Amino acid sequence: MSIAAASLCGRWRAVTQTALQRPTMRSTLFVCVGGSPNRMRDFAIFIHQELGLDGDGSDIADICAGTDRYSMYKAGPVLSISHGMGIPSISIMLHELIKLLHHAKCRDVTIIRIGTSGGIGIEPGTVVITDIAVDAFFRPQFEQVILDKVVIRNTQLDQKLAESLLRCSKEIDDFPTLIGHTMCTYDFYEGQGRLDGALCSFSKEEKCEYLQKAYIARVRNIEMESSVFAAMCHLCGLKAAVVCVTLLDRLQGDQITHSHGVLTEFQKRPQKLISSFIRKQLQMCT
């Protein structure tokens, strides 16, 4: 265990066990993760208010303050954690999160990644619930070199959880939601077929052909964390989901054209869906 993880272990154990003490929540814990520390703090305040907890949530403290690793907030039975950007960053966080959940003796944990993404062939603002994460070759796998061996892991996510989230979305008329494949890449620019990075080794025609292939392969959005998230959660037996809003349709271009206000509203959409799902799950436990 790293120094950062070890220093948090005692506090984490107290936090997670406290979340399980109430009879209606004893066997339920939700962990929501996302890239930005500010976004996950905002989500923690939002879910605090949505669950009707005492106060307005504005005084929620960062459990990991001072570690410079990631931010972690608790709102009742919900932990909200930032994971940074890309596969290496979320991988480190997940290793330490899963160890800490184990040491805290948490059970029946549901972990959900909330994020933004680029859409493929769908309207900007659409929320995509991932059924399976695929790599840049559209293969449902996560490939990692461990020692001198290439290890391939399953990226299947919990289908019942995805379907439950989709059912919840039917009660929210504010935005479209669908289930589809999510492509996970190691890079934001060339790796996702963008023409506007510092380097570009392909033509516009080649880019469009590739993205069309992705659409035919049932890919509906692109981001940079889902494959390792799905692989690690599957391997550890955690119920997991990825819920990302799309900020643009990559078949139409590489640049986001919506205003800041519209994008802010887009980013709240996965949070609204997850809040609805968590509230329903807690009602089922009463």
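These numbers come from a predicted model, not from an experiment.
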Problem - Full working for side chain to side chain contact (heavy atoms under 4.5 Å, CB included) between K268 and F46 - result: CA-CA 10 Å; K268 292 178 180 178; F46 173 70; over 6 Å; no
What pair of heavy atoms forms the shortest contact from [X] to [Y], and how long is it?
{"X": "C244", "Y": "P270", "answer": "C-CG, 4.3 Å"}
{"X": "C184", "Y": "I87", "answer": "SG-CD1, 3.8 Å"}
{"X": "I274", "Y": "C32", "answer": "CG2-SG, 3.8 Å"}
{"X": "A240", "Y": "C233", "answer": "CB-CB, 3.6 Å"}
{"X": "S164", "Y": "F277", "answer": "CB-CE1, 4.0 Å"}
{"X": "R269", "Y": "G125", "answer": "NH1-O, 2.7 Å"}

Using modelled atom types only, decide if a donor and an acceptor are shared between the side chain of [X] and the backbone of [Y] within a distance under 3.5 Å.
{"X": "Q141", "Y": "N154", "result": "no"}
{"X": "Q159", "Y": "L157", "result": "yes"}
{"X": "E190", "Y": "S201", "result": "yes"}
{"X": "S82", "Y": "S71", "result": "yes"}

Practice task
Return the orientation label for the F142 and Y186 ring planes: parallel under 30°, perpendicular over 60°, tilted otherwise.
Solution key: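 Correct class here is parallel.
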Handout entry: side chain to side chain contact (heavy atoms under 4.5 Å, CB included) assessment of V245 paired with T126
Key = CA-CA 6 Å; V245 67; T126 300; over 6 Å; no
Exercise for the section: Please lay out, stage by stage, how Q192 and T185 fare under the test side chain to side chain donor-acceptor pair (under 3.5 Å). Expected result: CA-CA 7 Å; Q192 294 189 13; T185 67; 3.2 Å; yes
Would you check if [X] and [Y] make a side-chain contact, meaning some heavy-atom pair closer than 4.5 Å?
{"X": "M93", "Y": "S89", "result": "no"}
{"X": "D62", "Y": "Y73", "result": "yes"}
{"X": "F229", "Y": "T155", "result": "no"}
{"X": "R39", "Y": "T116", "result": "yes"}
{"X": "F266", "Y": "P124", "result": "yes"}
{"X": "E265", "Y": "Q267", "result": "no"}
{"X": "L51", "Y": "L282", "result": "yes"}
{"X": "I112", "Y": "F30", "result": "no"}

Handout entry: Residues clustered with Y210, ILVMFWY side-chain links under 4.5 angstrom
Key = I120, I132, V134, F138, M183, L211, Y215, V219, I222, L251
What distance do [X] atom [atom1] and [Y] atom [atom2] have between them, rounded to the nearest 0.5 Å?
{"X": "T110", "Y": "L238", "atom1": "OG1", "atom2": "CG", "result": "9.0 Å"}
{"X": "I111", "Y": "I98", "atom1": "CD1", "atom2": "CD1", "result": "6.5 Å"}
{"X": "C200", "Y": "E206", "atom1": "SG", "atom2": "CD", "result": "9.0 Å"}
{"X": "H48", "Y": "I45", "atom1": "NE2", "atom2": "CD1", "result": "9.0 Å"}
{"X": "Q271", "Y": "I278", "atom1": "CD", "atom2": "CD1", "result": "10.5 Å"}
{"X": "R107", "Y": "H102", "atom1": "CZ", "atom2": "NE2", "result": "14.5 Å"}

With the 4.5 Å side-chain cut-off for hydrophobic clustering, are [X] and [Y] part of the same group?
{"X": "I60", "Y": "L29", "value": "no"}
{"X": "L247", "Y": "V127", "value": "yes"}
{"X": "L248", "Y": "L195", "value": "no"}
{"X": "L273", "Y": "I47", "value": "yes"}
{"X": "M232", "Y": "L97", "value": "yes"}

Are [X] and [Y] ion-paired here, with the side-chain N under 4.0 Å from a carboxylate O?
{"X": "R113", "Y": "E223", "answer": "yes"}
{"X": "K272", "Y": "E50", "answer": "no"}
{"X": "D187", "Y": "R194", "answer": "no"}

Exercise for the section: Just do the salt bridge (Lys or Arg N to Asp or Glu O under 4.0 Å) check on D131 and R218 with the steps written out, would you? Expected result: CA-CA 10 Å; D131 56 357; R218 296 180 57 200; 3.5 Å; yes
Exercise for the section: Decide side chain to side chain contact (heavy atoms under 4.5 Å, CB included) for R220 and H181; before the verdict, give the C-alpha distance in whole Å, the side-chain angles of both, and the deciding distance to 0.1 Å. Expected result: CA-CA 6 Å; R220 293 297 176 265; H181 292 0; over 6 Å; no
Problem - Neighbour count above 12 (heavy atom, 6.0 Å) for D59 CG - result: yes
Review item, side-chain donor-acceptor pairs of residues 169-179, under 3.5 Å, at least two apart:
from, atom 1, to, atom 2, distance (Å)
S169, OG, L166, O, 2.5
E171, OE1, K280, NZ, 3.1
E171, OE2, K280, NZ, 3.3

Problem - Evaluation steps, side chain to side chain donor-acceptor pair (under 3.5 Å), between S58 and D56 - result: CA-CA 6 Å; S58 60; D56 61 4; 2.7 Å; yes
Practice task
Any side chain to side chain donor-acceptor pair (under 3.5 Å) involving residues 234-258? Give me the pairs, sequence neighbours left out, ordered by first then second residue.
Solution key: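 Side chain to side chain donor-acceptor pair (under 3.5 Å) check on residues 234-258 returns D196-Q255, K207-D254, R250-D254.
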Handout entry: Trace of the side chain to side chain contact (heavy atoms under 4.5 Å, CB included) decision for Y70 with I81
Key = CA-CA 7 Å; Y70 32 75; I81 310 172; 4.3 Å; yes
